[in-house]
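Sequential numbering from 1 along the given sequence is applied to the chain's residues.
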Amino acid sequence: MLLYSETFGVKTQASQPTLVFLHGLLGNGRDWRYVISQLATTYQCITIDLPGHGLSAFVNTDMTTEAIDGGFEAVHHALTATLAQRGVEDYVLVGYSMGARLAMYHACALTTYSTSSDSPRLIKMLLEGGHFGLAVADREPRYLHDQRWAARFAQQPLVDVLHDWYQQPVFASLTVEQRQALVAKRSDNLGSGIAQMMLATSLAKQPQLLPQLQQLAIPIHYVCGERDDKFCQLASTSGLDVTMIENAGHNIHIEQPTAFTAALLNFID
């Protein structure tokens with residue numbers, strides 16, 4: 001199954017990798033427009049709308065909440081198929097929040113499959129505010145938490161749910177105006193699609209990926225906002241290379257797109 005994707009810019013050199021962007025929960029490929037506007041003159045960029053989001057809102061990737069890994073494996077295969085259909089060769093994967101978690105899983109899963117010489121080749125990965133996975137004891141409480149949110153997204157007016165969603169501690173750095181703008185921006189989502197994706201890619205369904213990430217041969221870089229205490233702490237103890245962006249919270253590529261783009265370019269150049 002293919003995911004909706006858009007291509008921007010062109011390669012200035014044939015050897016350049018394609019930059020592939022994965023958004024977070026409630027987002028879509030357009031969330032990266034401020035970053036891509038700075039990159040598209042010199043790099044080919046591809047944005048992906050993940051299942052339940054954007055123009056992939058009705059894409060059926062056979063996700064299930066019953067499997068041990070939820071929908072992670074299904075999204076991995078859909079992403080691989082989408083990049084192959086686009087003719088991607090070498091690529092750098094950039095993921096934010098939920099997209100960062102899916103990127104981690106994708107990178108780890110690639111090591112377990114044999115691929116042909118003309119398959120897309122992941123050569124680097126940049127993670128923005130992505131969780132590496134929970135301890136087993138923490139997974140059941142997290143799934144109950146996600147089930148409550150998913151029920152609200154599926155059953156209640158989306159605007160009402162979003163108002164409460166952006167009051168969570170991870171969004172503490174947002175101003176009132178920024179929260180209002182996000183509520184307005186995210187209100188065109190399909191609540192049932194968000195609910196399905198939330199459960200299928202719940203942290204409770206995600207393996208603990210850090211040990212595998214630390215063994216990968218590709219370079220991995222982690223970016224966090226200085227106001228995002230939780231994810232700065234996760235990053236600092238990960239053993240990965242980390243860049244902390246000033247005057248930013250959890251969503252750096254929206255709050256500080258120029259600084260985020262500079263960190264990305266410094267990593268890939």
Open item on the list: Between Thr82 (side chain only) and Leu3 (backbone N and O only), is there a donor and an acceptor less than 3.5 Å apart?
Closed with: yes
Task: Minimal non-hydrogen separation, Asp146 against Leu203, with atom names - done: OD2-N, 4.0 Å
Open item on the list: Could you check whether Lys124 makes a cation-pi contact with Phe267, meaning its NZ or CZ is under 6.0 Å from the centre of the six-membered ring and within 45° of the ring axis?
Closed with: yes
- [ ] Please determine, by modelled atom types, if Ser5 and Arg86 share a side-chain donor-acceptor pair under 3.5 angstrom.
- [x] yes
Open item on the list: Treating Thr237 as the side-chain partner and Gln233 as the backbone partner, does any N or O pair qualify as donor plus acceptor under 3.5 Å?
Closed with: yes
- [ ] Just do the side chain to side chain contact (heavy atoms under 4.5 Å, CB included) check on Leu127 and Val223 with the steps written out, would you?
- [x] CA-CA 6 Å; Leu127 307 170; Val223 179; over 6 Å; no
Show me the side-chain donor-acceptor pairs of residues 131-141 shorter than 3.5 Å, one per line, residues at least two apart or across chains.
{"from": "His131", "atom 1": "ND1", "to": "Gly133", "atom 2": "N", "distance (Å)": "3.0"}
{"from": "Arg139", "atom 1": "NE", "to": "Leu134", "atom 2": "O", "distance (Å)": "3.2"}
{"from": "Arg139", "atom 1": "NH2", "to": "Leu134", "atom 2": "O", "distance (Å)": "3.1"}

Task: Plane angle bin for Phe171 and His250 - parallel if under 30°, tilted between 30 and 60°, otherwise perpendicular - done: perpendicular
TODO: Give the cluster check for Met98 versus Ile46: same hydrophobic cluster or not, with ILVMFWY residues linked at side-chain heavy-atom distances below 4.5 Å.
DONE: yes
Task: Whether Phe153 and Trp165 hold their rings parallel, tilted or perpendicular, with breakpoints at 30° and 60° - done: perpendicular
Open item on the list: Test your reading of the model: is there a side-chain donor-acceptor pair from Gln208 to the backbone of Leu210, 3.5 Å cut-off?
Closed with: yes
Task: CA sep, side-chain torsions, deciding dist, call: Leu25, Met198, side chain to side chain contact (heavy atoms under 4.5 Å, CB included) - done: CA-CA 7 Å; Leu25 188 72; Met198 172 178 277; 3.5 Å; yes
Task: Parallel, tilted or perpendicular: rings of Tyr96 and His253 (30°, 60°) - done: perpendicular
Task: Test item: Glu255 side-chain N/O and Ile252 main-chain N/O as donor-acceptor pair under 3.5 Å - done: no
Task: Under 3.5 Å donor-acceptor, Asn28 side chain and Asp49 backbone - done: no
Task: Min side-chain heavy-atom separation Leu83-Tyr91 under 4.5 Å - done: yes
Open item on the list: Is the shortest side-chain heavy-atom distance between Arg101 and Phe72 below 4.5 Å?
Closed with: yes
Open item on the list: Looking only at side-chain N and O atoms, does Glu73 offer a donor or acceptor that is under 3.5 Å from a partner on His77?
Closed with: yes
Task: Minimum heavy-atom distance His106-Thr80, with the two atoms named - done: CE1-OG1, 3.3 Å
- [ ] Answer yes or no: is there an ion pair linking Asp31 with Lys185, defined by an N-O contact shorter than 4.0 Å?
- [x] yes
Task: Validation row: Val35, Phe260 side chains within 4.5 angstrom (heavy atoms) - done: yes
Task: Nearest non-hydrogen partners of Val242 and Cys224, listed with the distance - done: CG1-SG, 4.0 Å
Task: Heavy-atom pair with the smallest gap, counting every atom of Leu122 and Ala107 - done: CD2-CB, 3.6 Å
- [ ] Report yes if the side chains of Ile194 and His53 come closer than 4.5 Å at any heavy-atom pair, otherwise no.
- [x] yes
- [ ] Under the side chain to side chain contact (heavy atoms under 4.5 Å, CB included) rule, what do Phe21 and Leu264 come out as? Steps first, then yes or no, please.
- [x] CA-CA 12 Å; Phe21 295 85; Leu264 173 57; 4.1 Å; yes
Task: Atom pair CH2/CD1 of Trp32 and Ile254 - distance to nearest 0.5 Å - done: 8.0 Å
Open item on the list: Is a donor from one side chain sitting under 3.5 angstrom from an acceptor on the other, for Thr12 and Gln16?
Closed with: yes
Task: Whether Glu226 side chain and Ala248 backbone form a donor-acceptor pair below 3.5 Å - done: no
Open item on the list: Can you tell me if Gln168 has over 12 outside heavy atoms packed within less than 6.0 Å of its CD?
Closed with: yes
Task: Ile220 side chain reached by Asp241 side chain, heavy atoms, under 4.5 Å - done: no
- [ ] Look up atom CD in Glu6 and atom OG1 in Thr47, then write down how far apart they are to the nearest 0.5 Å.
- [x] 5.0 Å
TODO: Determine, using the 4.5 Å side-chain heavy-atom cutoff (strictly less than), whether Leu174 and Val159 are members of one ILVMFWY cluster.
DONE: yes
TODO: For the pair His23 (side chain) and Gly29 (backbone), establish whether a donor and an acceptor sit closer than 3.5 Å, ignoring hydrogens and angles.
DONE: no
Task: Exercise: do Tyr166 and Gln178 side chains pair donor with acceptor under 3.5 Å - done: no
- [ ] Indicate if Leu234 and Met104 have the same hydrophobic cluster label, given that clusters are the connected sets of ILVMFWY residues with side-chain heavy-atom separations under 4.5 angstrom.
- [x] yes
Open item on the list: With rounding to the nearest 0.5 angstrom, report the CD to OG distance, Glu128 to Ser97.
Closed with: 8.5 Å
- [ ] Indicate yes or no for a side-chain donor-acceptor contact from Tyr222 to the backbone of Gly130 under 3.5 Å, with no hydrogens or angles considered.
- [x] yes
Task: Distance under 6.0 Å and angle within 45° of ring axis: Lys11 vs Tyr43 - done: no
Open item on the list: Taking the basic N atoms (NZ, or NE/NH1/NH2) and the acidic carboxylate oxygens, is any pair closer than 4.0 Å for Asp164 and Arg152?
Closed with: yes
Task: Single-linkage hydrophobic cluster Leu126~Leu216, side-chain heavy atoms < 4.5 angstrom - done: no
Open item on the list: So Ile36 and Gln38, do their side chains get closer than 4.5 Å, heavy atoms only?
Closed with: no
Task: Nearest-0.5 Å distance, CE of residue Met125 to CD1 of residue Ile268 - done: 14.5 Å
TODO: Show the numbers, then the answer: is there a side chain to side chain contact (heavy atoms under 4.5 Å, CB included) between Leu79 and Leu22?
DONE: CA-CA 10 Å; Leu79 175 59; Leu22 304 181; 4.2 Å; yes
Task: Interatomic spacing from CG in Asn251 to CG in Asp228 - rounded to 0.5 Å - done: 10.0 Å
- [ ] Taking Arg33 for its side chain and Arg30 for its backbone only, find out whether a donor-acceptor pair lies under 3.5 Å.
- [x] yes
Open item on the list: A side-chain contact here means heavy atoms from C-beta on lying under 4.5 Å apart; do Val94 and Val20 qualify?
Closed with: no
Open item on the list: For Gly52, is there any backbone N or O sitting under 3.5 Å from a side-chain donor or acceptor partner on Ser56?
Closed with: no
TODO: State, without any angle test, whether Thr243 and His221 hold a side-chain donor-acceptor pair at a distance under 3.5 Å.
DONE: yes
Open item on the list: Return the CD1 to CG distance between Ile123 and Leu93, rounded to the nearest 0.5 Å.
Closed with: 11.5 Å
- [ ] Could you tell me whether the side chain of Lys205 reaches within less than 4.5 Å of the side chain of Thr201, counting heavy atoms only?
- [x] no
TODO: Indicate whether the side chain of Ser202 and that of Arg142 have a donor and an acceptor atom separated by less than 3.5 Å.
DONE: no
TODO: Is it possible for you to say whether Leu19 and Val10 belong to one hydrophobic cluster, with membership spreading through side-chain heavy-atom contacts below 4.5 Å?
DONE: no
TODO: Specify the closest pair of heavy atoms between Ala154 and Ala195, including all atoms of both residues, with the distance to one decimal.
DONE: CB-CB, 3.9 Å
Open item on the list: On a heavy-atom basis, which atom in Ile245 and which in Ala263 lie closest, and how many Å separate them?
Closed with: CD1-CB, 4.3 Å
